[in-house]
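Fair warning: this is a prediction, and the values are worked out from it, not measured in the lab. In the text below, chain A, chain B and the rest are named by the order of the sequence lines, each starting its count at 1.
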Number of protein chains: 2
Amino acid sequence: MPEPLCNLDSCFLCKHCMSEWKELIAIKKKTLLLKKGTLIFKEGSPVEGIFFLTEGAVKVYKQWGEERELIVRFAKAGDVLGHRGLGGKNLYPISATCLEDSKACYIPNNFLEATLQANPAFTYRLLQLYAGELQKAEQRMHDLALMEVRGRIALALQEIATLFGIDPEGYISISITRQDLASYAGTTYETVFKFFTDLIAQQIITTTGKRIKINKAPALQKFIG
Amino acid sequence: MPEPLCNLDSCFLCKHCMSEWKELIAIKKKTLLLKKGTLIFKEGSPVEGIFFLTEGAVKVYKQWGEERELIVRFAKAGDVLGHRGLGGKNLYPISATCLEDSKACYIPNNFLEATLQANPAFTYRLLQLYAGELQKAEQRMHDLALMEVRGRIALALQEIATLFGIDPEGYISISITRQDLASYAGTTYETVFKFFTDLIAQQIITTTGKRIKINKAPALQKFIG
DNA sequence: CGAGTCGTTGAAAGAATTCAACTTGTGTGG
DNA sequence: CCACACAAGTTGAATTCTTTCAACGACTCG
């Protein structure tokens, strides 16, 4: 069996899609380069395949009216994108936009379905992935419905720090706007702002430009618990 | 091929699990009878199988503290229960309780996994089911986060009417407490109450005991739009 | 240099929850 | 059959929290 084509531990594709290796090489070689801000797919457009993100960061969100949006989740290297389109109407129920420069493999539906048939283990693994995402989605549903705003913002910070990690200086390894944070926590820009002012005053967090550092995780936790 | 064992059009099991028919008959014969109010499974307990609901109605919910809960979804005849436990830690992330007398088939994990291996079509179909539920979960996440309370209550009424149908007299075919409605809409009992008072005053809905009838669907829709 | 946008802050308005009181209904024991 | 107690249903008022609005300052781009 050939070596995996990327060094990513979490590359779903390399780890679980061994059966169609030749085609996989072809797909890997056509890795898409996506600039920060690129719209990968848009709510309502037809689904023709799914994406495996191999590098970067992406926000997955739903829009409401012209102004408001809810960020459903963030995706990082190793995550799968657009797989919700599989069942039903074959229209993307959500949009996805790059938060940083990113790389992704695009798997057209016909190849995906061939793989699903030829490789039951892959299908089963994908099933588990879905089950996990369902759990996360329902947890998040719960958080958005029952927690109060400041708790949701604190939780958002914590989750983003865990997901994208922190750099050697202690800053969260992704630059995220207050607007995106608000969209993730299901609140408004100003509310995030005022809460940040509080957090900074209490030295629970520090900001340098758009970089955020969590100084006192336990204090942050208190807003969540 | 033998005839299906239940007349349910939407019985996922009969429609998609043809490969292990003998065992299926055995399972079908052991259909569980569940009285109204029965706790089918509880958050945090180990997953040993999944349920196919063949009759009745079930609420699937998460608890928070001792008092509050969020109803994640309702399940009716034909729906699958407990399948979120598949991936990960093998602990139920949610609880499920019967809203009415119900019937369900229980599929132990070992039989389920044998079926998944022997019957790729079944696995694929399950995958699509998951994708559909993910879409619904994310839509609901969006609704809970961005809509205001009265809109969420109106939407809850609409969804429940669609899901469980209406009887010949026009009443929603399930008796649901205001508390459950509040738990589904992510709000409090009293708020549902006050909104109901409004709706009844405007003759948008009528109630007789615990039965609810929607008289003016368009007027209800206005709170949602 | 000016205009405009973005970031920041305070004050007011609005919405929902909480609290508390009151009413209705139900079941039990006399 | 009645009286009482307790639980459930119902309503109003006040508090709390969040959003919205509006204004100000800073920074950027033309």
Item to check | Distance in angstrom units between B:Q179 CD and C:dT17 P, rounded | outcome: 12 Å
Item to check | Rounded interatomic separation in angstrom, taking CZ from B:F195 and P from C:dT17 | outcome: 13 Å
Checklist entry - Pairs in or reaching into residues 205-225 of chain B: which pass ring-ring contact (aromatic ring centres under 6.0 Å, His included), with residues at least two apart or in two chains? => result B:F195-B:F223
Next on the checklist: Looking at B:T191, I'd like to know whether one of its side-chain N or O atoms comes within less than 4.0 Å of OP1 or OP2 on C:dA16.
Outcome noted: no
Checklist outcome for this item: To the nearest angstrom, the NZ-P distance between A:K194 and C:dG7 comes to 16 Å
Checklist entry - So, B:Q63 versus B:E43: side-chain donor-acceptor pair below 3.5 Å or not? => result no
Checklist entry - Can you check the A:Y189 OH to C:dT5 P distance for me, whole Å? => result 15 Å
Next on the checklist: Check this for me: A:K136, atom NZ, are more than 12 non-hydrogen atoms of other residues, nucleotides or ligands nearer than 6.0 Å?
Outcome noted: no
Checklist entry - Reckon B:F196 touches a base, only the sugar-phosphate, or nothing at all at heavy-atom distances under 4.0 Å? => result nothing
Next on the checklist: Looking only at side-chain N and O atoms, does A:Q202 offer a donor or acceptor that is under 3.5 Å from a partner on A:D198?
Outcome noted: no
Checklist entry - Hey, would you say the B:Y130 and B:H83 ring centroids sit under 6.0 Å apart? => result yes
Item to check | Whole-Å distance separating the CD1 atom of A:I200 from the P atom of C:dG7 | outcome: 14 Å
Checklist entry - Which nucleotide span of DNA chain D, 5' end to 3' end, has atoms closer than 4.0 Å to non-hydrogen atoms of chain B? => result D:dG9 to D:dA13
Checklist entry - What's the CZ-C1' distance between B:F193 and C:dA16, to the nearest Å? => result 17 Å
Checklist entry - Which part of the nucleic acid, if any, lies within contact of B:E190, taking any heavy atom under 4.0 Å across all strands shown: a base, the sugar-phosphate backbone alone, or nothing? => result base
Next on the checklist: For A:K213, is the NZ atom crowded, meaning more than 12 foreign heavy atoms sit under 6.0 Å from it?
Outcome noted: yes
Checklist entry - For the pair made of CD in B:E148 and P in C:dA13, what is the distance, rounded to whole Å? => result 19 Å
